[in-house]
J.: 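Can you keep this structure in mind? I'll have questions shortly.
Every chain is numbered from 1, with letters handed out A, B, ... down the list of sequences.
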Number of protein chains: 2
Amino acid sequence: MSVQDEKTLPMGMFMDLERSGPIPLYFQVSQRIEKAILSGELPAGSRLENEVALGQRLGLSRPTVRRAIQEIVDKGLLVRRRGIGTQVVHGQVTRKVELTSLYDDLTNTHKVPSTHLLTLESQPADAKTAERLGVDEGSPTLHLRRVRLADDVPVAVMENWLPEDFIGIEPHDLVEHGLYQVLRSRGVTMRVARQHIGARKSTNEESALLEIEKNSALLTMDRTAFDNSGRAVEFGQHCYRPDLYSFEVTLVEK
Amino acid sequence: MSVQDEKTLPMGMFMDLERSGPIPLYFQVSQRIEKAILSGELPAGSRLENEVALGQRLGLSRPTVRRAIQEIVDKGLLVRRRGIGTQVVHGQVTRKVELTSLYDDLTNTHKVPSTHLLTLESQPADAKTAERLGVDEGSPTLHLRRVRLADDVPVAVMENWLPEDFIGIEPHDLVEHGLYQVLRSRGVTMRVARQHIGARKSTNEESALLEIEKNSALLTMDRTAFDNSGRAVEFGQHCYRPDLYSFEVTLVEK
DNA sequence: GACCTGATATTGTCATGACAACTGGCCAAA
DNA sequence: TTTGGCCAGTTGTCATGACAATATCAGGTC
């Protein structure tokens, strides 16, 4: 019995590519394929059409098709093997495969998110904050502390520091929109973020805020985020209720 | 004062590319650039030569140079901006930027790793294991449980299940080499892994094994790993001492 | 039957060329 | 002085073509 006894599917889709629109062709293709996988149209283990044939059928060049496929490989949904072809990964868990999202989206899954703003103040940078943000120690920063809730149940305590040019953000924005949305609306686009994920016991204050027992286990995440110019725009220390939140990561070996 | 007042560096390297060797050209180039960044030769904020010029100087086509640069962008060390160029990210933390490695390597940093093998047995798959591995419930699996130590200090308790064809792995191998090395030596190459990272309190047994207080906070990680044919080859539930171990993740926005 | 050999299929790498889209600065006009 | 438009520089996208590396499979030979 061979390893891939699954047959190649015809994939009768991709008839309408918008060639003059602003959306890249490779992106249009990759989205269709991903959708076909997640919807079950391309079941686990099935083989994809080979790159050349797929390109011909869609009227696209091989590099374009190849890039589209690569996007999905990077997400961990497809596996390519030289001499063999491209297959959908086995593992029926082909859902919820987004790389660790920036939190906003995750609570949106059938939950109503809300925010309690505890602190919003200007604060001189201490040594650690200065190092993480790449600013001088003692220079002013915007310091904020929030409790994030889903369906009125507290999920996380989030403490953030931002460079001084963000001083002036209104409390109203943060309660309504979440930090990253506010930054985006001010013209900042995040590009790179470095995260450390760990665990520790909760303090008494955190236990009260999160409505959990004293000395519970907490899931913690430190993050420094950089915008598209490479400047640090945010440093945060967050802690989560582990019974309500966890991180999902998909690794793809080179 | 402009945002990028840094000057473009000449980068007088890349003289010796091995064109006939087995190592891809784009990989050779990306390694040189990454090395130059990590060594400080390309300081934070400095601009890279533009793709066309760099290609000409190295005798390479633009796609090849572009791919080399893209590799480093994906690691979060470089940032590209259309119309501007490619810059090294600000943020002096340009060290230890490897995506969440597969554990073996992490303990190797100045520590002596060792392993206590607690369990190594054949065990019929329960419902959860069967689902994760994609095998039938009740079919035989290899079940193993280990304590991982660094410098003789326990760091993690790791419990794994593998499909039946791995039954026959010797205890000696696991003590000496770590699970992933053993699998590699049996011809398995990992491609995709899905991980869930969370936290919880330790059980009494875990507290004893890890030499920590009862009811401490633990960092937990569940993982299912797939080989290059997309078949699940390992399912594991691990827990770590949070004072000795944490996860590092670098996110890059599309 | 076991083993080698070659043909075939498929992805991996690389080159060349072209145009589009975005950014920044220069310069002229209001 | 300010505004607007033009221009050059750089990355983003896409097409075409070629060869290399690797896995499968059929067939022949020992």
Side-chain angles (χ1 to χ4, degrees), chain A residues 1-8 17-30 46-74 78-87 187 189 191 227-230 253-254, chain B residues 1-8 17-30 46-74 78-87 187 189 191 227-230 253-254:
Chain A
M1 181 171 42
S2 164
V3 181
Q4 73 281 6
D5 39 7
E6 343 273 344
K7 58 183 174 302
T8 304
L17 289 177
E18 199 175 350
R19 300 194 78 94
S20 51
I23 305 137
L25 293 173
Y26 75 87
F27 189 73
Q28 295 183 43
V29 175
S30 73
S46 63
R47 286 218 336 243
L48 223 63
E49 238 179 311
N50 76 67
E51 297 171 352
V52 189
L54 187 55
Q56 272 195 335
R57 201 159 60 73
L58 302 183
L60 295 174
S61 71
R62 193 180 155 210
T64 304
V65 174
R66 193 171 165 71
R67 174 154 185 193
I69 294 176
Q70 189 61 44
E71 295 268 321
I72 310 174
V73 171
D74 290 339
L78 288 178
V79 173
R80 358 173 56 144
R81 279 192 293 168
R82 179 187 303 199
I84 303 296
T86 307
Q87 289 180 310
T189 52
R191 270 319 230 297
D227 69 2
N228 52 13
S229 78
E253 274 292 300
K254 190 213 120 43
Chain B
M1 184 168 43
S2 164
V3 181
Q4 72 279 13
D5 39 6
E6 344 274 344
K7 58 181 172 304
T8 304
L17 290 177
E18 200 175 351
R19 300 193 78 94
S20 52
I23 304 136
L25 292 172
Y26 75 86
F27 189 73
Q28 295 183 43
V29 175
S30 74
S46 63
R47 286 220 333 246
L48 222 64
E49 238 178 312
N50 76 67
E51 296 171 354
V52 189
L54 187 55
Q56 272 194 336
R57 202 159 60 72
L58 302 184
L60 295 174
S61 71
R62 192 181 156 210
T64 304
V65 173
R66 192 171 165 73
R67 174 153 184 194
I69 295 177
Q70 190 60 44
E71 295 268 322
I72 310 174
V73 171
D74 290 339
L78 287 178
V79 174
R80 354 173 60 143
R81 278 191 293 167
R82 179 187 303 199
I84 303 294
T86 307
Q87 288 180 307
T189 52
R191 268 322 228 299
D227 69 0
N228 52 14
S229 78
E253 272 293 299
K254 191 212 121 43

J.: Between the axis at one end of the helix from C:dG1-D:dC30 to C:dA30-D:dT1 and the axis at the other (five pairs apiece), what's the angle to 10 degrees?
T.: 10°
J.: Nearest whole angstrom, please: distance from the P of D:dG9 to the CZ of B:Arg80.
T.: 19 Å
J.: Distance from A:Thr86 atom OG1 to A:Arg66 atom CZ, nearest 0.5 Å?
T.: 8.5 Å
J.: Find which nucleotide of DNA chain C each of B:Ser61 and A:Gly21 is nearest to by heavy atoms, and output the residue with the more 5' nucleotide.
T.: B:Ser61
J.: Say whether, by atom type as modelled, one donor and one acceptor occur between the side chain of B:Glu18 and the main chain of B:Ile23 under 3.5 angstrom.
T.: no
J.: How long is the line joining CG of A:Leu54 and C1' of C:dT11, in whole Å?
T.: 14 Å
J.: For C:dC14, take OP1 and OP2 only and decide whether either is under 4.0 Å from a side-chain N or O of B:Tyr26.
T.: no
J.: Please report, rounded to the nearest Å, how far the C1' atom of C:dA18 is from the CZ atom of B:Arg62.
T.: 10 Å
J.: Which whole-number value in Å describes the distance from A:Arg67 CZ to D:dT11 C1'?
T.: 11 Å
J.: Look at the side chain of B:Ile84 and decide which nucleotide, out of C:dG24, C:dA15, D:dT24, has an atom nearest to it.
T.: C:dG24
J.: Base, sugar-phosphate, or nothing for B:Pro24, non-hydrogen atoms under 4.0 angstrom?
T.: sugar-phosphate
J.: Once you round it to whole Å, what is the distance between P of D:dT24 and CG of A:Asn50?
T.: 16 Å
J.: Less than 4.0 angstrom between a side-chain N/O of B:Thr86 and OP1 or OP2 of D:dT11, yes or no?
T.: yes
J.: Does A:Leu60 reach the side chain of A:Arg19, with side-chain heavy atoms less than 4.5 Å apart?
T.: yes
J.: Name the residue closer to the 5' end of DNA chain D, choosing between A:Gly83 and A:Leu60 according to the nucleotide with the nearest heavy atom.
T.: A:Leu60
J.: Has the side chain of B:Arg81 got a donor or acceptor that lies under 3.5 Å from a partner of the other kind on the base of D:dG12?
T.: no
J.: Measure CZ/A:Arg66 against C1'/C:dT13 and give the value in whole Å, please.
T.: 8 Å
J.: Report the distance from atom CG of B:Leu58 to atom CG of B:Leu25, rounding to the nearest 0.5 Å.
T.: 10.0 Å
J.: Minimum heavy-atom separation for B:Val65 to B:Gly55, with atom names?
T.: CG2-CA, 3.4 Å
J.: Is it true that a side-chain atom of A:Glu71 and a backbone atom of A:Phe27 form a donor plus acceptor pair closer than 3.5 Å?
T.: no
J.: Hey, could you give me the OG/CZ distance between A:Ser30 and A:Arg67, rounded to the nearest 0.5 Å?
T.: 9.0 Å
J.: Without decimals, in angstroms, what is the distance between A:Leu78 CG and C:dT11 P?
T.: 11 Å
J.: Output the rounded distance in Å from CZ (A:Arg82) to C1' (D:dT22).
T.: 6 Å
J.: Under 4.0 Å, counting only non-hydrogen atoms across every strand here, what does A:Gly59 touch: a base, just sugar-phosphate, or nothing?
T.: sugar-phosphate
J.: Look at the side-chain N and O atoms of B:Thr64 and state whether any lies under 4.0 Å from the OP1 or OP2 oxygen of C:dT13.
T.: no
